[in-house]
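Input: a single structure, listed below in structure tokens.
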Amino acid sequence: MSRKTWAAVDDYIVDSLFAADPALDAVLAANTEQGPPAIDVSPAQGKMLSLLARIQGAKKILEIGTLGGYSTIWMARALPAGGKIVTLELDPHHAKVARSNFERAGVSARVDLRLGPALQSLVALGAENAGPFDLVFIDADKPNNPNYLSWAMRLSRPGTVIVCDNVIRDGAVLEEDGHDANVEGARAAFSFIGSDKRLDGTAIQTVGAKGYDGFAIAIVN
Ligand code: SAH
Ligand code: DHB
Ligand code: MG
């Protein structure tokens, strides 16, 4: 079984289950054209985030790591009237591309994009009493995973769902040598979720268009 098969099966999932979506196709095309790296969630993962938001009845969502806003748009579309997604991005160019994508997808009114280091934006959100969020998606610089999880807890309520992307990394999550900061970040997410008594979590390994990776998902008790 190869990455080619995984990608073809991802196409099959989309073709079989998703309505045609020119708006989201245009978002990915704009990202490719304007430069952010193609590390957005896959369409199947984006739809999973949107379904999770609906299952959760999320009205307030926090995303850490916007890139071109592809995952943001999936979650924004799942919000009820009056719902909001706050999304945090460090890179001004990514933020600019994302803002134009939010316009293109018609979700700008529901999205609060905050430019700057996420840890600074999180301090501000705490000071504003912006929480509690119903769903938190962590998908930024992996070494900060424990800091982001810690903030997610501070901005949560019992029942908040936290999803953390890229925690398997081709199975490199098993490597204990500390040579790769991203792998260390993945391992730090496992140790955080495993040791915080308020969190009940699991992780799901995934294959698909983005290769072999996975996400952790946890609920706050
Ligand atoms: N969630 C996006 C992908 C995010 S990629 C999607 O699926 O469509 C990770 C993003 O995190 C990049 O845009 C990167 O610029 C941003 N990032 C990296 N370090 C950050 C930091 N310290 N604060 C905020 N964003 C950061
Ligand atoms: C990388 C980051 C991501 O958020 C992702 O989904 C895939 C890869 C990376 O930095 O390599
Ligand atoms: Mg990711």
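For this chain, numbers begin at 1 and follow the sequence in order. For ligands, and for the atoms within them, numbers begin at 1 and follow the listed sequence.
- Close approach of ligand 1 to Pro117 is summarised as follows: ligand atoms under 4.0 Å from at least one heavy atom of the residue are 23 (N).
- Where the criterion is an N or O separation shorter than 3.5 Å, residue side chain and backbone included, Phe137 fails it with respect to ligand 1.
- Protein heavy atom at the shortest distance from atom 20 (C) of ligand 1 is Asp141 OD1, 3.4 Å.
- In this structure, a donor-acceptor pair under 3.5 Å is absent between the side chains of Asn182 and Asp141.
- Seen from the ring of Trp151, Arg154 counts as a face-on cation partner, given the 6.0 Å and 45° thresholds.
- Taking each heavy atom of Ile13 and Ala44 in turn, the nearest pair found is CG2-CB, 4.4 Å.
- Closest to atom 3 (C) of ligand 1 among all protein heavy atoms lies Asp139 OD2, 3.3 Å.
- Looking only at protein heavy atoms, the nearest one to atom 3 (C) of ligand 2 is Asn166 OD1, 3.1 Å.
- Within the structure, the closest approach of Gly116 to ligand 1 falls below 4.0 Å when heavy atoms are considered.
- Ligand 1 lies less than 4.0 angstrom from a heavy atom belonging to Glu63.
- Among the atoms of Asp91, none of the N or O lies under 3.5 angstrom from an N or O of ligand 1.
- Residue Gly69 has no N or O atom closer than 3.5 Å to an N or O atom of ligand 1.
- At a threshold of 2.8 Å, the Mg ion (ligand 3) has no backbone or side-chain N, O or S atom of Ser71 nearer than that distance.
- Ligand-side atoms of ligand 2 in range of Asp165: 6 (O), range being under 4.0 angstrom from any heavy atom.
- Taking a 6.0 Å sphere around NZ of Lys84, one finds it holds more than 12 heavy atoms contributed by other residues, nucleotides or ligands.
- Note on Asp213: not counted as a metal contact of the Mg ion (ligand 3), no N/O/S atom lying under 2.8 Å.
- Comparing Arg169, Lys142, Lys210 by heavy-atom distance to atom 9 (C) of ligand 2, the nearest is Arg169.
- With a 4.0 Å heavy-atom cut-off, ligand 1 is reached by the backbone of Ala118 and by its side chain too.
- Residue Asp139 counts as close to the Mg ion (ligand 3), with an N, O or S atom under 2.8 Å.
- Restricting Asp165 to its N/O/S atoms, the shortest distance to the Mg ion (ligand 3) is reached by OD2.
- Closest protein heavy atom to atom 2 (C) of ligand 2: Ile39 CD1, 3.7 Å.
- Residue contacts with ligand 1 for His94 involve side-chain atoms from C-beta outward but no N, CA, C or O (heavy atoms, distance under 4.0 Å).
- Within the 4.0 Å heavy-atom shell around ligand 1 one does not find Trp74.
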